[in-house]
Amino acid sequence: MTDIQLQTTTLSEAACRQFVADNQAGAIVMFSGTVRNQTQGKLVLRLEFEAYEPMAIAEMRKIAEQAIRQFDVLKISIHHRVGVLAIGEIPVVITVSAKHRQAAFAACQFCIDTLKQTVPIWKKEVFEDGAIWVAAHP
Amino acid sequence: MTDIQLQTTTLSEAACRQFVADNQAGAIVMFSGTVRNQTQGKLVLRLEFEAYEPMAIAEMRKIAEQAIRQFDVLKISIHHRVGVLAIGEIPVVITVSAKHRQAAFAACQFCIDTLKQTVPIWKKEVFEDGAIWVAAHP
Amino acid sequence: MKIKVLTFGVTRDIIGEDVLFLDLPAGSTVADVRTHLTERFPPIEKLASLMFAVNAEYATSEAQLAELDELALIPPVSGG
Amino acid sequence: MKIKVLTFGVTRDIIGEDVLFLDLPAGSTVADVRTHLTERFPPIEKLASLMFAVNAEYATSEAQLAELDELALIPPVSGG
């Protein structure tokens, strides 16, 4: 079972955790991305995320379904946020339940690694002296 | 910074999460153990955990401090529960913040793997027809 | 035939519009659109990578477009 | 010399007490206690493993005990 959401409002780690709860589960692994106050030594003021929304949701669903096929896991929740995020706020929460912890860790890492490669979401880092789209240029 | 607790009452994932929050963090990884309703196909009614308390706390602290030395992480919280736990309840929560996700995942896995090897805590599985101390016999 | 081009991230900054409508010869491919856009907006060529989606699915350069297709420009993604 | 033995998990079930006080010759080691306990409580030998802690730190078989030491029996742990 998967739960995929793209939200403009604060993500709820508690909601993700609740979705994956399962009486067969022995392990829950949650990954939360958080906005860092600096990148490569430079002060970050905020991040701005945008998405190609229908495709981003479809690609996140593909990742969760692939993880369910590939790992021995029970439930997966992937929530991603768009809009303007301040330091400490949460762009993404990925939560996995499994009978055993190795599968939960492996599936959670697979989901975030793949999300960063394939899901059409873009992050702009805003500094005091300008802003850049992350990874756009070589 | 580390936060080590051995509790007789329900663990709070939110408290663990709050402890590790850090403006330098780009990643938070939380592992929660949960009580499964079965083990090797046999129905579990509840688990009973006991600890050699001062040593368990000291060993959990050693693990967290070792993880801080070994991985590029910021804060680690390890909370373990003792007493009687029902299905779905949480015996352990390990939460790690780090600048980057690889270190957070690696440190979290190191902590739970090592905890299961070295921390003097014992789990009794209670079935309909009896109870066993896990792993006591070959 | 008409197709709708959606721009995101740095491609929106380069092109200056969220949406662009193109009128292309029948049988045009994703590669033809790339050539067209690169001529019209040279900084497109400096991107670390540029992928395309047709109707919200990743598409290869050889994919043929059809009337009213929605083609999205996917510069390097950076979610998470 | 007197030492205090703490039992946990399956070792408490085998020994039937939380705490046991032993009176040992000076210079006794952890290995001596293991021998003593195994003779007195033979099921101890059937454990998958048995480790010892002296004053809340893991100790080797060779570790010498001192008056009033607290020796804990550590059968296979199963926390988490």
Side-chain angles (χ1 to χ4, degrees), chain B residues 4-7 11 31-36 39 44 47-63 78-83 85 89-94 108-125 130-138, chain D residues 2-22 29-31 33-34 37-80:
Chain B
I4 309 300
Q5 294 190 36
L6 193 64
Q7 292 182 199
L11 302 186
F31 169 80
S32 304
T34 52
V35 178
R36 299 171 62 201
T39 180
V44 172
L47 296 184
E48 297 176 10
F49 286 87
E50 66 174 47
Y52 179 19
E53 300 198 1
M55 183 174 168
I57 291 168
E59 291 292 324
M60 290 195 289
R61 182 165 293 122
K62 282 183 198 169
I63 292 168
I78 304 180
H79 289 197
H80 204 295
R81 184 155 166 208
V82 289
L85 276 78
E89 285 199 279
I90 305 170
V92 64
V93 182
I94 297 177
C108 190
Q109 286 186 273
F110 167 82
C111 288
I112 182 61
D113 289 351
T114 311
L115 183 151
K116 283 176 175 274
Q117 288 162 11
T118 65
V119 177
I121 296 178
W122 297 272
K123 170 164 58 188
K124 185 191 261 183
E125 288 172 339
I132 58 157
W133 288 104
V134 174
H137 297 102
Chain D
K2 286 205 165 52
I3 68 152
K4 182 179 180 179
V5 176
L6 303 182
T7 69
F8 294 99
V10 69
T11 63
R12 195 183 57 242
D13 291 353
I14 292 170
I15 289 173
E17 304 279 354
D18 283 6
V19 184
L20 205 67
F21 292 91
L22 298 181
T29 63
V30 166
V33 176
R34 177 195 277 270
L37 291 174
T38 306
E39 283 168 8
R40 205 165 140 193
F41 306 101
I44 289 277
E45 211 151 14
K46 293 187 184 145
L47 297 175
S49 81
L50 182 62
M51 299 212 278
F52 296 86
V54 176
N55 301 324
E57 289 276 352
Y58 279 108
T60 62
S61 298
E62 299 77 42
Q64 287 210 351
L65 297 165
E67 180 79 15
L68 301 179
D69 271 353
E70 182 176 283
L71 178 81
L73 307 190
I74 317 273
V77 300
S78 50

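Chain A is the first sequence line, chain B the second, and so forth, proteins listed ahead of strands; every chain is numbered from 1.
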Under 4.5 Å heavy-atom distance to chain D, tell me which part of [X] shows up: side chain, backbone, both or neither.
| X | value |
| --- | --- |
| B/Pro120 | both |
| B/Ala58 | neither |
| B/Ala51 | backbone |
| B/Glu59 | side chain |
| B/Val119 | backbone |

Return yes when atom CD of B/Gln7 has more than 12 non-hydrogen atoms of other residues, nucleotides or ligands closer than 6.0 Å, and no otherwise.
yes
Under 4.5 Å from any heavy atom of chain B - which part of D/Ile14
neither
Could you check which of D/Asn55, D/Val10, D/Leu6, D/Leu47 has the highest count of heavy-atom pairs closer than 4.5 Å to chain B?
D/Val10
Choice from D/Ala72, D/Ser49, D/Ala53, D/Gly80 maximising heavy atom contacts with chain B below 4.5 Å
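Sorted descending by pairs with chain B, the first entry is D/Gly80.
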How many angstroms lie between atom CZ of D/Arg12 and atom CH2 of B/Trp122, to the nearest 0.5 angstrom?
9.5 Å
Supply the atom-to-atom distance D/Asp13 CG to B/Lys124 NZ, rounded to the nearest 0.5 angstrom.
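One gets 5.0 Å once the value is rounded to the nearest 0.5 Å.
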Locate the shortest heavy-atom distance separating [X] from [Y]; write the atom from each residue and the value.
| X | Y | answer |
| --- | --- | --- |
| D/Ile74 | B/Met55 | CD1-SD, 4.2 Å |
| D/Lys46 | B/His137 | O-CD2, 3.7 Å |
| D/Ala56 | B/Tyr52 | N-OH, 3.6 Å |

